[in-house]
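In what follows, a single structure is set out as structure tokens and then discussed.
Values reported hereafter were calculated over all heavy atoms of this structure, with side chains retained and with hydrogens, waters and symmetry mates removed.
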2 protein chains.
Amino acid sequence: MPQENSAAKVLHHLKQDILTGLFAAGHKLKMNALKERYQVGVNPLREALSQLVVMQLVQVQDQRGYRVCPVTQSELVDIYDTRAHIESLCVGLAIERGDEVWEAGIVAAAYRLQSNAGLLQADGDLQAWEQLHQQFHYAIVKGCGSEELLRVRLDLYEKASRYRNLWLRHNAGHGAFDVNQMEHEQLVTAVLARDLEAAKKLISKHILVPSQVLQGLL
Amino acid sequence: MPQENSAAKVLHHLKQDILTGLFAAGHKLKMNALKERYQVGVNPLREALSQLVVMQLVQVQDQRGYRVCPVTQSELVDIYDTRAHIESLCVGLAIERGDEVWEAGIVAAAYRLQSNAGLLQADGDLQAWEQLHQQFHYAIVKGCGSEELLRVRLDLYEKASRYRNLWLRHNAGHGAFDVNQMEHEQLVTAVLARDLEAAKKLISKHILVPSQVLQGLL
DNA sequence: AGGTATTAAAATATCGACATTAGTCTCAAA
DNA sequence: TTTGAGACTAATGTCGATATTTTAATACCT
């Protein structure tokens with residue numbers, strides 16, 4: 001029975017708790033509180049926290065413990081700009097290299113996303129929708145075939161999560177997702193038509209629009 | 001006196017020891033041996049190792065300890081291809097955004113690299129040259145102005161280090177660096193002339209050539 | 001006898017408790 | 001208001017107990 005060690009378990013939970021905003025930006029992560037919450041000793045905790053430091057989700061001050069990385073407007077802009085460039089790169093390579101299985105995967109993911117648009121209602125499950133949304137975009141970029149590039153992309157996606165959750169909550173039930181939905185359709189059309197320039201422009205815009213909305217919120 | 005904790009110290013040393021190849025790919029990292037070598041307890045060690053896992057330099061198998069990540073031909077190709085794309089992206093943005101201070105920095109770094117070409121002799125200090133080489137390329141890309149993009153670039157650079165050291169040792173004293181030197185001159189010219197297309201082609205090739213040499217060695 | 005399965009023993013990883021050390025806060029005195 | 005001493009809080013590291021894996025040895029079967 002593969003029982004992963006406690007450091008791995010606490011890493012997973014703690015990461016979620018930070019990304020979803022349960023531990024707010026700048027929040028001091030006290031050992032005793034975390035020990036209590038996750039029911040582990042200090043050593044697995046320190047291991048997990050060390051890893052989150054490398055992921056740039058947590059800061060460490062020597063001899064003064066850990067705290068959640070602050071969110072700033074400049075970081076927001078930087079992350080989203082970089083994501084736009086990287087995602088655009090992935091889409092471009094995917095269009096060059098993708099095969100029929102890749103195309104089918106896109107169609108399937110787009111269909112699932114479309115079918116569950118109801119999750120975007122005011123009382124819907126935004127996290128569930130975001131899951132499908134993520135899978136849709138992943139279906140497109142995985143055609144690039146580069147593990148390293150996809151890993152870089154995932155790192156940035158996760159680092160953007162705290163900001164994205166703000167955007168999701170802000171838009172919930174305001175019909176602001178309609179534009180988003182339309183962009184997805186256009187993207188699928190451009191990608192399947194292997195229209196490189198159009199697809200790159202669309203994906204870049206698709207990422208930068210939420211960034212501009214968020215800049216007004218911070 | 002800013003005395004960083006022992007986990008940070010051992011992280012730095014251990015990372016170097018892996019990147020320089022002192023601990024070979026696939027090597028089992030036994031706690032007792034590391035404890036002895038770095039003169040620390042197991043906990044700081046586990047912290048450092050956890051971080052190296054996130055950096056993808058070591059692997060962890062539950063209850064079976066840590067070992068240095070293996071090197072593979074496919075990873076080599078993937079890392080260098082991805083580096084070529086990312087570096088090209090950085091150079092492109094730098095050309096668009098760079099100012100005069102940026103230009104001056106490039107000229108200065110190029111001059112220092114040129115002046116110390118003697119380090120490439122068979123009996124030279126290759127690590128010292130690589131330091132200058134790295135600084136030269138950094139002088140160019142830092143003009144892109146994106147912290148996130150530069151961080152991604154640095155991650156890939158470090159991940160490529162183990163392969164690069166092979167290349168450096170292979171080329172030492174064989175005059176194979178002459179082409180490399182010429183590429184640097186051409187790159188500086190293209191960048192300062194703000195010739196986007198030429199610069200992107202040059203930097204991409206500059207990264208991919210060592211990759212092709214290395215593919216023959218593995 | 002050769003090879004495989006079983007069991008015992010050594011080695012190793014993991015985790016929590018405790019002691020040490022550093023940082024912070026309070027309060028009084030200058 | 002500033003400064004310094006002491007108490008308190010929190011982070012860090014070492015040690016030891018426990019659980020798991022790996023190695024070795026022995027017994028068993030073909």
Side-chain angles (χ1 to χ4, degrees), chain A residues 1-19 21-71, chain B residues 1-19 21-71:
Chain A
M1 187 60 94
Q3 55 173 32
E4 59 182 356
N5 62 17
S6 347
K9 275 186 292 221
V10 70
L11 170 65
H12 182 251
H13 286 136
L14 185 50
K15 187 171 165 185
Q16 287 307 315
D17 287 342
I18 290 172
L19 292 183
L22 193 142
F23 290 122
H27 182 266
K28 179 77 183 291
L29 294 165
K30 292 187 188 166
M31 285 296 177
N32 285 328
L34 298 179
K35 224 170 67 174
E36 183 73 21
R37 179 172 173 80
Y38 302 109
Q39 292 293 304
V40 291
V42 290
N43 283 8
L45 262 180
R46 289 182 63 83
E47 273 182 53
L49 287 166
S50 307
Q51 301 193 57
L52 290 169
V53 169
V54 178
M55 299 177 197
Q56 307 209 313
L57 290 175
V58 170
Q59 283 180 336
V60 55
Q61 286 179 291
D62 204 77
Q63 308 287 6
R64 266 176 280 180
Y66 299 86
R67 61 177 58 241
V68 180
C69 277
V71 295
Chain B
M1 183 65 94
Q3 57 174 31
E4 58 184 356
N5 61 18
S6 22
K9 275 187 294 225
V10 69
L11 170 65
H12 181 252
H13 287 137
L14 186 48
K15 187 170 164 186
Q16 288 306 314
D17 288 342
I18 291 172
L19 292 184
L22 194 142
F23 290 122
H27 183 265
K28 179 78 185 293
L29 294 165
K30 293 186 189 171
M31 284 295 177
N32 283 328
L34 299 180
K35 227 170 63 174
E36 183 72 20
R37 177 172 175 81
Y38 303 109
Q39 292 293 304
V40 292
V42 288
N43 274 15
L45 260 181
R46 290 182 64 82
E47 275 182 52
L49 287 165
S50 307
Q51 302 193 55
L52 289 170
V53 169
V54 178
M55 299 177 197
Q56 308 208 312
L57 290 177
V58 312
Q59 286 178 334
V60 56
Q61 285 179 292
D62 203 77
Q63 305 288 4
R64 266 177 275 181
Y66 300 86
R67 61 177 59 239
V68 180
C69 277
V71 295

Would you mind reading off the distance between [X] atom [atom1] and [N] atom [atom2], rounded to a whole angstrom?
{"X": "A/D62", "N": "C/dA22", "atom1": "CG", "atom2": "P", "answer": "11 Å"}
{"X": "A/E36", "N": "D/dA10", "atom1": "CD", "atom2": "C1'", "answer": "16 Å"}
{"X": "B/Y66", "N": "D/dT21", "atom1": "OH", "atom2": "C1'", "answer": "16 Å"}
{"X": "A/E47", "N": "C/dC15", "atom1": "CD", "atom2": "P", "answer": "7 Å"}
{"X": "A/L49", "N": "D/dA10", "atom1": "CG", "atom2": "C1'", "answer": "14 Å"}
{"X": "B/L29", "N": "C/dA11", "atom1": "CG", "atom2": "P", "answer": "20 Å"}
{"X": "B/Q39", "N": "D/dC15", "atom1": "CD", "atom2": "P", "answer": "11 Å"}
{"X": "A/K9", "N": "C/dC15", "atom1": "NZ", "atom2": "P", "answer": "8 Å"}

Looking at A/Q61, I'd like to know if its CD atom is crowded, meaning that more than 12 non-hydrogen atoms belonging to other residues, nucleotides or ligands lie closer than 6.0 Å. yes
State the CE-CD distance between B/M31 and B/E36, to the nearest 0.5 angstrom. 15.0 Å
Starting the side chain at C-beta, find the nucleotide from [options] nearest to [X].
{"X": "B/K28", "options": "C/dA13, C/dT14, D/dT12", "result": "C/dA13"}
{"X": "A/N32", "options": "D/dA10, C/dT14, D/dT22", "result": "D/dA10"}
{"X": "A/Q63", "options": "C/dG16, C/dA22, D/dC15", "result": "C/dA22"}

Distance check: side-chain N/O of [X] vs OP1/OP2 of [N], anything under 4.0 Å?
{"X": "B/R46", "N": "C/dT14", "answer": "yes"}
{"X": "B/R64", "N": "C/dT12", "answer": "no"}
{"X": "B/K30", "N": "C/dA11", "answer": "no"}

Contact between B/L57 and B/L14 at the side-chain level, heavy atoms closer than 4.5 Å - yes or no? no
Given side chains that start at C-beta, do those of B/R37 and B/D17 come closer than 4.5 Å, heavy atoms only? yes
Just to be sure I understand the rule, does A/K35 reach a base, reach only the sugar-phosphate, or reach nothing, if contact means heavy atoms closer than 4.0 Å? nothing
